[in-house]
Each structure stands twice: as structure tokens, then as C-alpha cells.
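Before any comments, here is the structure.
Remember, predicted model here, so these are calculated numbers, not experimental data. Reckoned from all heavy atoms, side chains included, excluding hydrogens, waters and symmetry mates.
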Amino acid sequence: MILKDFYKIISLTKNDDHKYVVIILVNENHSVFEGHFPGNPIMPGVCMMQIIKELTEQITERSLFMQSLSNVKFMALINPFVTPELKLELDITVTEDDLIKVKNTTFFGETTALKLSSVYKTV
């Protein structure tokens, strides 16, 4: 974990061969929110991308390097004091050339906060 104590996994459920649902709790007192933004904390997009990478590494049991991102849509701001619990839906597939493809949708409550597709390679 790059950002120590930034979040903790509440649950990780495998729904079928390659679909997972992960519930995390964001540490609203983490120092990253002091600078992003003072008095109005908002989850940095890069932190969400890092969380997705780390969860994918845990699920696949591989160290990964992000090769590409596509269809990145930040749809709602995540305020860790208002909505610290996030649900991430991950659809993870391994290609024939050993790349890891991930489709993610992140929610707080019924609100969709983020959608993205990413490709990782093993390091």
C-alpha cells in the first residue's frame, strides 16, 4: 500500500470466475485530505486508481504496473467525511499474453462515483 492507512478492506467477495465486489473504508483523517482540499476534502482521482491497482494485485497475487487506462469517468466527488465506505465492482480478466484487464465501477451508496477500464502488466 503506497499510502499507509489510507483505506481498509471491509469485505472482498468473488461473484464468479472474474467478478469481485470489494467494500473499503477510507480513512477520512489521512493526511492526503489536508492538501486535497483544505476544508473541503475530496478523494484524489489518482488515489482511486491506486486503490484499484492494489486490490487487483491482491486478487491476482501479482505485482502489477499500469499499462493503460481508458473510459475514465469521474462521476461524483467522494468526500471521505460524508461517504467513507465505498463499493468497488471489479471485472478482472487475464489475456492470452498475460495482461490483466480490469473494468471498475465504484459506488458510495447508490451513487456511481467512478468508472474506468485499465490494463496492467506483471512486473
Subject >> Identified side-chain contact (heavy atoms from CB on, under 4.5 Å) counterpart of Pro41 within the set Ile78, Asn79, Asn29 >> reply: Asn79

Original post:
How long is the gap from CD1 on Ile9 to CD on Gln58, to the nearest 0.5 Å?
Top reply: 4.0 Å

Original post:
When rounded to the nearest 0.5 angstrom, what is the spacing between OG1 in Thr122 and CD in Glu61?
Top reply: 12.0 Å

Original post:
Of the options Asp91, Val102, Ile59, which is the one that meets His18 in a side-chain contact (heavy atoms from CB on, under 4.5 Å)?
Top reply: Asp91

Original post:
Do Arg62 and Val94 come close enough that some side-chain heavy atom pair is under 4.5 Å?
Top reply: yes

Subject >> Pairwise distance CZ(Phe108) to CG(Leu77) - rounded to 0.5 angstrom >> reply: 8.0 Å

Original post:
Among Thr93, Leu64, Thr95, which residue meets the side-chain contact (heavy atoms from CB on, under 4.5 Å) test with Ile100?
Top reply: Leu64

Original post:
With side chains defined as the heavy atoms from C-beta onward, is the minimum distance between Met48 and Leu86 less than 4.5 Å?
Top reply: yes

Subject >> Nearest-0.5 Å distance, CG of residue Leu88 to OG1 of residue Thr106 >> reply: 3.5 Å

Subject >> Hydrophobic cluster identity match, Val82 and Ile23, side-chain contacts under 4.5 Å >> reply: no

Original post:
Ser118 pairs by side-chain contact (heavy atoms from CB on, under 4.5 Å) with which of Leu69, Val72, Asn71?
Top reply: Leu69

Original post:
For the residue pair His30 and Phe6, does the interplanar ring angle fall in the parallel (under 30°), tilted (30 to 60°) or perpendicular (over 60°) class?
Top reply: perpendicular

**OP:** Give a yes-or-no answer on whether the side chains of Glu54 and Gln50 include a donor-acceptor pair shorter than 3.5 Å.
**Re:** yes

Original post:
Just wondering, are more than 12 heavy atoms of other shown residues or ligands nearer than 6.0 Å to NZ in Lys53?
Top reply: yes

